[in-house]
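Read the numbers this way: they start at 1 and go in the same order the structure lists the ligands and their atoms.
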Amino acid sequence: MNTSAAIQKVDAIIIGSGFAGMYQLHSLRDKLGLNAKVIERGAGVGGTWYWNRYPGARCDSESHTYMYYFSKELVQEWEWSERYPQQPEILRYLNFVADRLNLRSDIQLNTAMTQAHFNESTNRWLVTTDTGEQYDAQFLITAVGCLSNANVPKIPGISDFKGDWYHTGQWPHEGVDFTGKRVGIIGTGSTGIQAIPVIAAQAKHLTVFQRTANYSLPARHHPLSDEFKEYAKKHSADIYKVMTSNTNGHAFYIDDRSAIETPADVRQKTYEEKWEMGGFQFRASFRDLLTDEAANKTAADFIRQKIRGIVKDPKVGEILSDIDHPFAGKRPPIDDHYFETYNRDNVSLVDLRSAPIEKITAKGIKTTEQEYEVDIIVFATGFDAMTGSLVRLDIVGRNKRTLKDYWSAGPKTNLGLQVPGFPNMFTITGPGSPSVLSNMPPTIEQHVEWISDCISKMKAKGLNCVETSEAASEAWQKEVDRAAQATLLPKVKHSWYLGANVPGKPQVFMPYAGGFAHYRTICDKVASEGYTGFQMS
Ligand code: NA7
């Protein structure tokens, strides 16, 4: 690395060029007139959607809600083709935005940030990249995504495997040809559940290694009709209003009825209707599904029964429906004929709860019961979520303290936006914000706008440093914990919301479960009262 080149002075360095980094660049550069630069390790923009190219990859949010709403022009000019957009279409959309807003000139691709050190005498960050540049920036803004640090489990023997293996989050751009291959896939989260039907349709044989059985809801994909496209454009303001005034950031409200208080026949009819409707609206059937175990059980039992009805082999149906956690206690996947895939002759299911994986061998995967020979292994094993993509960056704040060290017992932030001891650093959709519990684009827009307003107000007052306090962050962590405890979510001990999927990671519930609309109100109040909990100097 050559760092002898002159240090370039900028107002802000933004790490990452997905939804968050691109809008942050546009806001700082084009709305506030600042000198901002994006550093992106990929060879193209798109963040999550640049990396996750696995078969079947698509978004579980409906396309007309999975887009920027800050610009009327962008809303009107882009047209989605399907109810749930596939990865290539989302990547095309983000490239369209990069061109439409002329963002590319300030996005440096193929560049990873290797260090960011806060200089206490200047209140500025010194950012170093693996391409040898150094930037002296007033603000450091992380836009690294919540699910971007691939988690490949440390299963013994992986280096002995003679076939090919891939993690879904680091998928080869040229694709993988499964034709005539025996494939093993580990993981039945949202990703595995999307990939399994598509791989099964191509492979000679697919063996699914399931550790925890999972609920999944039918997505009911379909191309969008011209009528719907017109409706979504015409009513974009109303749609946005719904998205930003509810708990989840989607374009629907949670039903105000209680599942428990609703008569069984009406409840059943509601579930049937939502099941047919497809997607996350099932989760919004009743208000108490995520707060009351008995209410949740009514939904969980309904889905279990559906699984057993779809899967023809009762033994397989039993393994798939023997789910040990409340419905939506983990992120609920939505699927395209996932359970139906187990009726294919070329698909088999291995229950890792009764026989865990022992090791990977030269020929395949060996459980405590038997060896399964495969040509290709697909790891759909998720991510070191929410904190992983931040702590792997060498970020050093006040008193030479690294972010990794500061968060060694779990993340601590104020509103998921700032970390004490890391002045002038903002974390878009950081831990402690609703992020992964809601539809991402509106939550990203809200963060970008809050950060941009904060910077704008600082500039107007001639202030050069903003830093949240320990006390404010501790108070916010208590609120994050309170909000989580009011739901069933923390009861699921093996969820990535708690960091449980990464061995050694502190078990702290990370996203804010108090709801997106409520969270927005809190953020707005903090700003309107002069940024309480944030010191500006
Ligand atoms: P998830 O939801 O973390 O799912 C990972 C899956 O991999 C899950 O079924 C895990 O089982 C399984 N897994 C992880 N490690 C192992 C090992 N060592 N052995 C066997 N099975 C394992 O990741 P996804 O990529 O599916 O989804 C992440 C998010 O991306 C998703 O929620 C959307 O927001 C988009 P476990 O349940 O831990 O027993």
ask   = Are a donor atom and an acceptor atom from the side chains of Y84 and R220 found within less than 3.5 Å of each other?
value = no
ask   = What orientation do Y519 and Y512 show, parallel under 30°, tilted 30 to 60°, or perpendicular over 60°?
value = tilted
Ion pair check, R482 and E479, cut-off under 4.0 Å = yes
query = Using a 4.0 angstrom limit on heavy atoms, which residues are close to ligand 1?
reply = L147, P153, I186, G187, T188, G189, S190, T191, R211, T212, K330, R331, L352, A380, T381, G382, F383, W496
query = Is K306 salt-bridged to E272, going by a charged N under 4.0 Å from an acidic O?
reply = yes
query = Name the one of K162, R182, K181 that satisfies salt bridge (Lys or Arg N to Asp or Glu O under 4.0 Å) with E373?
reply = R182
key: The single option from F228, W80, Y69 passing ring pair (Phe, Tyr, Trp, His ring centres under 6.0 Å) against H64   = F228
